[in-house]
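This report refers to the structure that appears directly beneath it.
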Amino acid sequence: MEKYIVRKSGPLRGEVSISGAKNAVLPIMAAALLSDEDCVINDAPALLDVDILCRLLETLGAVVKKDLQDNVVTINSADISSVEASSKLVKQMRASILVMGPLLARKGEAVIPLPGGCAIGDRPVELHFKGLRALGADIRVSITGIVKAKAEKLRGADIYLDFPSVGATENIMMAASMAEGVTILENAAQEPEIVDLANFMNKMGAKIKGAGTDIIKIEGVERLHGCQHTVIPDRIETGTFMLAAAITRGCIHITNVEPDHVKPVIAKLRECGVEIIMMDDGSMVVKADEKPLTSTDIKTLPYPGFPTDLQSPFMALLTTVNGNSAVIETVFENRYMHVKELQKMGAKIKTQDRSATIKGTKKLKGASVVATDLRAGAAMVLAGLVAEGTTEVAEIHHIERGYEHFVEKIRGLGGDIERVEE
Ligand code: EPZ
């Protein structure tokens, strides 16, 4: 198994460019199933998750051309020869459930194994089913966990989501785009990735209004054509490198960013005393090399609240600042797996249900730790960059699912990190 060896590094300095958003490119690739013409996706990040979804789309009969050197993926779904997603691929990537909506819209049928839970929670998908059933789909789950969905015809409906689920919003939007009539989706997720998906689909000829708000209106159309689209920058990678500047007390110029997508992170880092300068060209400079940083409190919420995906990297920072901090994780029921890994490094953290209190400590010490999920893995690397000595991070496949060229980008900023075969 591969692992990272991370050594105490000085303040990170230099420039880093953000890749295309993992959580935007995945639903956009699934939406390419809605058309029988070429969909060209630019700034597609070279990630394992993108590879897995390319393979899944090919098993369904799509023709996929991947040029991840130039970050371009071209998908043509003219001939969908299968509506069955393989359990091997679904097990590798939960987001495979996102092909259900498009398959129902295009073929009136989908057979997909229930995506399993993962380290951060059991990840149910009943809200996806609630919305698709409201559109007229018959959905049954076998005792072996195979989901069989059928729909003679999808018809527009008024749907209310009990929780603004990102995936459910995306699946419903894709299915409703070719349903008969109008769908109103209330309490919809408002993440920038939803807006990017809607923009992509509207370029295909869909009629979606309100994406980015809690009420989305989708007017069904007969067919969708191909298009070209450039994926938005990854706001979670952006936040991760903002935190890399903060935790190492460095100064990093971050390019290819959408500052509006990371407003909560900017606000919270400024509360800690980090200086964040917006440049005229849209890039940002994150500067933490002048004054001591202090504590703050974080509560994760659906967008536009503080993103749950940056809770663990931010907690790594909070273990190193002066003062006590509090964290509340409201989105996932079990997203503190990184706490015991940080404690191995000397972090002073106590958790109680969804709350955590962190007592800032002067020094973390290197240890052998594990990446328990994608974002927790990034948190361990950040901690390793400032801990005394050496930190070994195992299970790094989690990290490499979601961060393109992560080692190269950290090294490019002066971070001492290397990838080794165990
Ligand atoms: C997306 O997951 C992201 N993944 C996650 O990023 C992100 O953490 C999450 O949204 C929240 O922002 C992708 O976009 C591929 P949800 P998703 O449905 O769609 C509960 C990363 O690190 N829920 O909004 O699965 C669920 O259990 C990953 O990049 C239901 O109860 O998230 C969770 O507690 C991690 N029933 C909460 O809602 C449902 O039917 C948020 O889930 C669906 C969700």
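In what follows, residues are counted from 1 in the order of the sequence shown. Hydrogens, waters and symmetry mates play no part in the numbers below; they use all other heavy atoms, side chains included. We count ligands from 1, going down the list as the structure has it; atoms in each ligand are counted the same way. Worth saying up front: this structure is predicted, and the values here are computed from it rather than measured.
- Using a 4.0 Å cut-off to heavy atoms of R375, the atoms of ligand 1 that qualify are 21 (C), 22 (O), 29 (O).
- Residues N71 and E404 bring a donor and an acceptor atom of their side chains to less than 3.5 Å of each other.
- Protein heavy atom closest to atom 11 (C) of ligand 1, with residue, atom name and distance, is T308 CG2, 4.0 Å.
- Using modelled atom types and a 3.5 Å distance limit, the side chains of T308 and E329 yield a donor-acceptor pair.
- For the pair E237 (side chain) and Y403 (backbone), a donor-acceptor distance under 3.5 Å is absent.
- Only the side chain of L374 comes within 4.0 Å of ligand 1, judged by heavy-atom distances.
- Put simply, the residue from T296, L269, L382, I358 that forms a side-chain contact (heavy atoms from CB on, under 4.5 Å) with L317 is L269.
- Around atom 2 (O) of ligand 1, the closest heavy atom drawn from Q311, R123, H398, E170 belongs to R123.
- A side chain to side chain donor-acceptor pair (under 3.5 Å) with Q228 holds for exactly one of D38, T74, N42; it is N42.
- Here the protein heavy atom with the shortest distance to atom 40 (O) of ligand 1 is L127 N, 2.8 Å.
- Contact atoms of ligand 1 toward K22: 21 (C), 29 (O) (distance under 4.0 Å to a heavy atom of the residue).
- A donor-acceptor contact closer than 3.5 angstrom is absent between the side chains of R55 and S86.
- The shortest N or O to N or O distance between E126 and ligand 1 is below 3.5 Å.
- The aromatic rings of Y303 and H261 sit perpendicular to each other, their planes meeting at more than 60°, with 30° as the lower class boundary.
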request  = Check step by step if side chain to side chain contact (heavy atoms under 4.5 Å, CB included) holds for D162 and N187.
outcome  = CA-CA 7 Å; D162 307 50; N187 199 29; 5.9 Å; no
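- Closest to atom 16 (P) of ligand 1, if we only count protein heavy atoms, is V166 N, 3.7 Å.
- By the 4.0 Å heavy-atom criterion, R335 is counted among the residues contacting ligand 1.
- Nearest to atom 21 (C) of ligand 1 by heavy atom, out of V331, D309, I236, is D309.
- Residue nearest to atom 18 (O) of ligand 1, selected from A189, S165, P307: S165 (by heavy-atom distance).
- Close approach to H128 involves these atoms of ligand 1, each under 4.0 Å from a residue heavy atom: 40 (O).
- Considering backbone and side-chain N/O of F332, none are found under 3.5 Å from N/O of ligand 1.
- Here the NZ-OG1 distance, from K340 to T351, works out to 10.5 Å after rounding to the nearest 0.5 Å.
- One N or O on the side chain of Q311 and one on the backbone of R335 form a donor-acceptor pair closer than 3.5 Å.
- Atom 15 (C) of ligand 1 has as its closest protein heavy atom N23 OD1, 3.3 Å.
- A heavy-atom distance below 4.5 Å is not found between the side chains of T357 and N324.
- For atom 44 (C) of ligand 1, the candidate residues are G121, A376, G305, P124; the nearest heavy-atom contact is made by P124.
- Taking every non-hydrogen atom of V125 and a distance limit under 4.0 Å, the qualifying atoms of ligand 1 come out as 39 (C), 40 (O).
- Every atom of ligand 1 with a heavy atom of F163 under 4.0 Å away is listed here by number and element: 37 (C), 38 (O), 41 (C).
- Evaluated by nearest non-hydrogen atom to atom 19 (O) of ligand 1, the leading choice among P164, G167, A21 is G167.
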